[in-house]
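What follows is a set of notes on a single structure, which appears directly below.
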Amino acid sequence: MPRAVSIDPELSSEGEAKISSEDMNLVRIALANLSFPKSPDDSVRSAEQAIVHAGKQRADIICFPECFVPGYRAAGKSLPSPDPAFLKRAWELIAAAAAKANVAVILGTERVADDDLLATALVIHRDGSIAGFQDKVQIDPSEDGTYSCGAGRQLFQSDQMKFGVVICHEGWRYPETVRWAARQGAHIVFHPHFHEAEPGGYVPASFADPANTFHEKAALCRAAENTCYFATVNFAGAGSPTTSAIVRPDGTLLSFQPYGESGVLIADIDLTAATGLLASRYKAV
């Protein structure tokens, strides 16, 4: 059976984990449910630290929230103007950390392309080489004027695991983005997102609480309707209506991070369970 454990990178000082994944079909994933960075430089330091801890826990891959480096450009967040030179240095440092820890990385970040600012995910191989970007194609209406729409979808592979990436609004509101990846053979779709507390908003204590917004129920659906794993990762924040979680291909919850608690959520997933059966049976309308 898959196992899950939550590790706090700011508090844990233990050595290498004793958990092992001998079965070649098991892949250990890590979700960096971290506090919103205090500055762009802090985002890089926090990412490096989380990668180190993921390596100590023998994780195969770690995923960060949406635009973790340099920070998501939400209303009320004070961030410097987009800086391609800073981003290049940041990506190089994080790629070096990935290589040293022998952990693949899905880094929520931003990039400037033809004077457009794109919310994106940078995928880094275990050896620190760059696999590519998955830009956010479906942006939220609130992001008009901040981010531009990307184009195209990518399928990535780390060792035996194939995966896709859908970013925030895409995974919540556009299930076609997840289905595309599953139909291309993805065992899991990673979902970096940003969702902070809103005044008067519901504060959940359990995942997919019926009284909460639809979002976490959508995560269960994305897995079940495609027979693939779905891993959603948010920032840690007091009162946040969503948290980081891993959903099994049958739509049941494998593990979730306690709400508002900074840490790295780690779980083993069994690739043989991710058959993509329902996605493969889709008939075009």
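We number each residue from 1, following the sequence as shown.
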Handout entry: Flag side-chain contact, heavy atom, 4.5 Å: F68 against L34
Key = yes
Exercise for the section: State whether R222 and E225 are salt-bridged, where the test is any N-O pair (Lys NZ or Arg NE/NH1/NH2 against Asp/Glu carboxylate O) under 4.0 Å. Expected result: yes
Practice task
Applying side chain to side chain contact (heavy atoms under 4.5 Å, CB included), run through F230 and H191 and close with a yes or a no.
Solution key: CA-CA 7 Å; F230 190 78; H191 179 236; 3.5 Å; yes
Problem - Rounded distance [0.5 Å steps], CZ in F214 versus SG in C221 - result: 10.5 Å
Practice task
Check the pair E170, R153 against salt bridge (charged side-chain N to carboxylate O under 4.0 Å, His left out), reporting the backbone distance first and the verdict last.
Solution key: CA-CA 12 Å; E170 297 182 312; R153 306 223 67 85; 3.2 Å; yes
Handout entry: Side chain to side chain, H169 and I139, heavy atoms closer than 4.5 Å
Key = no
Exercise for the section: Could you tell me how the ring of H195 sits relative to the ring of H193: parallel (under 30°), tilted (30 to 60°) or perpendicular (over 60°)? Expected result: perpendicular
Problem - From E216 atom CD to F207 atom CZ, the distance as rounded to the nearest 0.5 Å - result: 4.0 Å
Handout entry: Reported CZ-to-CG distance for the pair F64 and L122, which is rounded to 0.5 angstrom
Key = 11.0 Å
Exercise for the section: Establish, for the pair R111 and F133, whether the NZ or CZ atom is under 6.0 angstrom from the six-membered ring centre and no further than 45 degrees off its axis. Expected result: yes
Problem - Cluster link I61 to L254, ILVMFWY, side chain under 4.5 Å - result: yes
Handout entry: Side chain proximity check, P40 to F86, heavy atoms < 4.5 angstrom
Key = yes
Exercise for the section: State whether E110 and R73 are salt-bridged, where the test is any N-O pair (Lys NZ or Arg NE/NH1/NH2 against Asp/Glu carboxylate O) under 4.0 Å. Expected result: yes
Completion exercise
CG of N25 to OG1 of T272, rounded to nearest 0.5 Å, is 5.0 Å
Fill in the blank from the handout: Of all heavy-atom pairs linking A119 and C67, the shortest is CB-SG, 3.7 Å
Exercise for the section: State, yes or no, whether a side-chain contact exists between D159 and V27 at a heavy-atom distance under 4.5 Å. Expected result: no
Practice task
Test side chain to side chain contact (heavy atoms under 4.5 Å, CB included) on C149 and V137 and set out the steps.
Solution key: CA-CA 5 Å; C149 295; V137 178; 5.5 Å; no
Practice task
Tell me whether L271 is reachable from V123 by hopping between hydrophobic residues (I, L, V, M, F, W, Y) whose side-chain heavy atoms are closer than 4.5 Å.
Solution key: yes
Practice task
Answer yes if L220 and L278 sit in the same cluster of Ile, Leu, Val, Met, Phe, Trp and Tyr residues linked by side chain heavy atoms under 4.5 Å apart, and no otherwise.
Solution key: no
Practice task
Assess the side chains of S244 and N234: does a donor N or O sit below 3.5 Å from an acceptor N or O?
Solution key: no
Problem - Test side-chain hydrogen bond (donor to acceptor under 3.5 Å, both in side chains) applied to T252 and D250, step by step - result: CA-CA 6 Å; T252 58; D250 63 0; 2.6 Å; yes
Practice task
Check Y259 against P204 and note the closest heavy-atom contact, atom names and distance.
Solution key: CE2-CG, 3.4 Å
Exercise for the section: Using the side-chain hydrogen bond (donor to acceptor under 3.5 Å, both in side chains) rule, take Y282 and N226 through it: C-alpha gap first, then chi angles, then the decisive distance, then the call. Expected result: CA-CA 9 Å; Y282 174 74; N226 293 295; over 6 Å; no
Handout entry: Any donor-acceptor N or O pair under 3.5 Å, side chains D140, Y147
Key = no
Problem - Cluster link V189 to Y174, ILVMFWY, side chain under 4.5 Å - result: no
Problem - More than 12 heavy atoms from other groups under 6.0 Å of CG on D115 - result: no
Handout entry: 4.5 Å side-chain heavy-atom contact, T109 and W91
Key = yes
Exercise for the section: Taking the side chain as every heavy atom from C-beta outward, state whether I106 and Q134 have any pair of such atoms under 4.5 Å apart. Expected result: no
Handout entry: Residues D268, R28: salt bridge by 4.0 Å N-O rule
Key = yes
Practice task
Flag the pair I124 / I130 as yes when at least one side-chain heavy-atom distance between them is below 4.5 Å, and no otherwise.
Solution key: yes
Exercise for the section: Establish, for the pair K77 and Y72, whether the NZ or CZ atom is under 6.0 angstrom from the six-membered ring centre and no further than 45 degrees off its axis. Expected result: no
Handout entry: Nearest atoms (heavy-atom pairs only) where A224 meets G251
Key = CB-CA, 3.7 Å
Handout entry: Electrostatic pair R248-D270, nearest N-O below 4.0 angstrom
Key = no
Practice task
Indicate, with yes or no, if V105 and L87 share a hydrophobic cluster defined by side-chain heavy-atom contacts under 4.5 Å among Ile, Leu, Val, Met, Phe, Trp and Tyr.
Solution key: yes
Exercise for the section: Kindly give the heavy-atom pair with the smallest separation between P37 and D42, and that separation in Å. Expected result: CA-OD2, 3.4 Å
Exercise for the section: Calculate, to the nearest 0.5 Å, the distance between atoms OG and CD belonging to S148 and E143 respectively. Expected result: 10.5 Å
Practice task
Give a yes or no on whether the ring-centroid distance for Y229 and H187 is below 6.0 angstrom.
Solution key: no
Practice task
Supply the atom-to-atom distance I269 CD1 to C228 SG, rounded to the nearest 0.5 angstrom.
Solution key: 9.5 Å
Handout entry: Residue pair I62, I51: steps toward the side chain to side chain contact (heavy atoms under 4.5 Å, CB included) verdict
Key = CA-CA 7 Å; I62 183 170; I51 291 167; 4.1 Å; yes
Practice task
Return yes if a side-chain donor-acceptor contact under 3.5 Å exists between S39 and D41, otherwise no.
Solution key: no
Exercise for the section: Determine, step by step, whether E66 and C168 satisfy the side chain to side chain contact (heavy atoms under 4.5 Å, CB included) criterion, reporting the C-alpha distance in whole Å, the side-chain angles of both residues, the deciding distance to 0.1 Å, and the verdict. Expected result: CA-CA 7 Å; E66 181 178 17; C168 200; 3.1 Å; yes
